[in-house]
Undergrad: 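One structure, as structure tokens, below. Some questions next.
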Amino acid sequence: VIDETPVGRSVRAIAGFGLDCEPHTPVEVDEDTWPEFKSRLVAERLTGLAVAAAEKGKLVVSDGEFTELSDAHREVMLWALDLERTLIELADAFDDTGIEFVVLKGPALAHSSYPDPSWRPFMDIDLLVRTRDWRRSCALLAELGLRRRLVEPRPGFDERFGKAACHINDKNQEIDLHRTLVLGPFGLWMEPDELFDRTSGFELGNHILRRFDDTALLAHACVHASLGMRESLLVSFRDVAQASESSSVRWESLLDWAARWRLRPVLRDAFHRTEEKLGARCPIALSSMLDSDPTKSEQRLIEAHTSERRGRGGTALTTLQALPSLRSKAAYVRTLCFPSSDFVKESSGGGRLSYVRRWAIPIHWALGRRSR
Amino acid sequence: VNDRTMFRRADRLLWRSFAAEVLVAVPGRDDIDHLEGTAAAVWDELKAPRTATEVTDRLCVEFASPAEVVGPDVEALLKDLVQRGCIEVTR
């Protein structure tokens, strides 16, 4: 849904600041709508772009409003810098243990795609490790004093079906350890180990850290914008537009992944929504794929992540359908219906009806099917 | 420290610059330094190694102020930034 209110249009214009598609006329916000506009910028993680736009005269604000904006942006930058300090400590620990990792999203995009890292705030750290290193990586984080937010649903679930595990340190910073890029069928079809061969370096505090190369960075930005949240933040679409501007993107690789990893609907959804929200044109190199109509099954897969079906077990259902063997389907269902008691306790706050609540979704599916 | 002493930004820093202010995170410390006004201007000048006199001369032009006013401020700031680990003496 595109927000066509004046505030919505202004926020989207800021999300496009500095891109080819940016509006020619400066954004003006009246006094009455300023508080809403500012809080939307914070929520959509666009304060850096707004500060830069104001400095370039592309956002017209009073001195007092600029001070408010700078104050808000300082808060998120303080958080981001402290996260980067933690990232360097983690990088040293992973290097010492010989575990390969790739820095995903926020810091990687801020320091490689954006013209200035202050344009791209981020709230957590995401690291990708190979599935074979998953246990060692979790153990290392525990050794460093980080606490896993939610225990594994059943032993072996992480490596087989999981996407990531959120770890918290004593500063309340979140470190998301990934073994794949997305939950659900697309996560099963992608081969993240292959992406370890598509990396490049970026400098952070005199350290060279690994990130995806510009093509893989764009692919991941698309996956995140399309599937990351039911209604993704504007900054995620900005990431897509920003990463698309790199002259190093190898479009034939994206087309190859789209075919092999069945990412066509994801790329189509991400680029089309980026165009709708920011006005950024879809890449010409992908036009034949992006202009084709999605099949019904592709549409269902995207809706399982982006519609109300997401909250009603849509992702789990499509995962179940995508699993290759009866054996893996059975293991997946068993875990969904009978996770460990520790997992149920932690994920539900420990009520007695926790198992019943878990079963409500598959029961709802079964009744829905019978009534059809 | 003498007239020929060069200062530069320390190697392993993490920092952000926006809206005429700079935030600097020094590894091994828990806090983050917030530079504004003359301190941010000094930081900006040290994108390349410079002596205190060179920094002073450039800020005199930028702020249209005499060296007698700017010089002591710059020297105090350089000393403070070195102590905080934000900049270092190169020779």
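Naming: A, B, ... by sequence-line order, numbering from 1 per chain.
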Undergrad: Out of B/Arg16, B/His34, B/Glu21, which one racks up the most heavy-atom pairs below 4.5 Å with chain A?
TA: B/Arg16
Undergrad: Salt bridge (Lys or Arg N to Asp or Glu O under 4.0 Å) between A/Arg120 and A/Asp239: does it pass, once the steps are laid out?
TA: CA-CA 9 Å; A/Arg120 178 57 164 89; A/Asp239 289 343; 2.7 Å; yes
Undergrad: Considering residues at least two apart in sequence or located in another chain, which fulfil the salt bridge (charged side-chain N to carboxylate O under 4.0 Å, His left out) criterion with A/Asp176?
TA: none
Undergrad: How about A/Lys171: does its NZ atom have over 12 heavy atoms from other parts shown lying under 6.0 Å from it?
TA: yes
Undergrad: Considering only heavy atoms, which portion of B/Asp31 lies under 4.5 Å from any heavy atom of chain A: side chain, backbone, both, or neither?
TA: backbone
Undergrad: Could A/Arg149 and A/Glu174 be called an ion pair, given the rule that one side-chain N must be under 4.0 Å from one carboxylate O?
TA: yes
Undergrad: Checking heavy atoms, do the side chain of B/Ala20, its backbone, both or neither come under 4.5 Å from chain A?
TA: backbone
Undergrad: Who are the side chain to side chain donor-acceptor pair (under 3.5 Å) partners of A/Asp124, not counting sequence neighbours?
TA: none
Undergrad: Could A/Arg238 and A/Trp119 be counted as a cation-pi pair, given that NZ or CZ must be under 6.0 Å from the ring centre and within 45° of the axis?
TA: no
Undergrad: Could you please state which residues from residues 8-37 of chain A sit under 4.5 angstrom from chain B, measuring non-hydrogen atom to non-hydrogen atom, sorted by number, or 'none'?
TA: none
Undergrad: Please set out all donor-acceptor pairs under 3.5 angstrom arising from side-chain atoms of residues 200-209 of chain A, sequence neighbours excluded.
TA:
| residue | atom | partner | partner atom | Å |
| --- | --- | --- | --- | --- |
| A/His207 | ND1 | A/Gly205 | O | 3.2 |
| A/His207 | NE2 | A/Asp92 | OD1 | 3.1 |

Undergrad: Can you tell me which portion of A/Glu84 sits under 4.5 Å from chain B's heavy atoms? Options are side chain, backbone, both or neither.
TA: both
Undergrad: Is there a donor-acceptor contact under 3.5 Å linking the side chains of A/Arg210 and A/Thr199?
TA: yes
Undergrad: Is it the backbone or the side chain of A/Ile88 that comes under 4.5 Å from a heavy atom of chain B, or both, or neither?
TA: side chain
Undergrad: Looking only at heavy atoms, which two atoms of B/Phe18 and A/Arg74 are closest? And how far apart?
TA: CZ-CA, 3.8 Å
Undergrad: Please look at B/Leu14 and chain A and tell me whether the side chain, the backbone, both or neither of the residue comes under 4.5 angstrom of a heavy atom of that chain.
TA: both
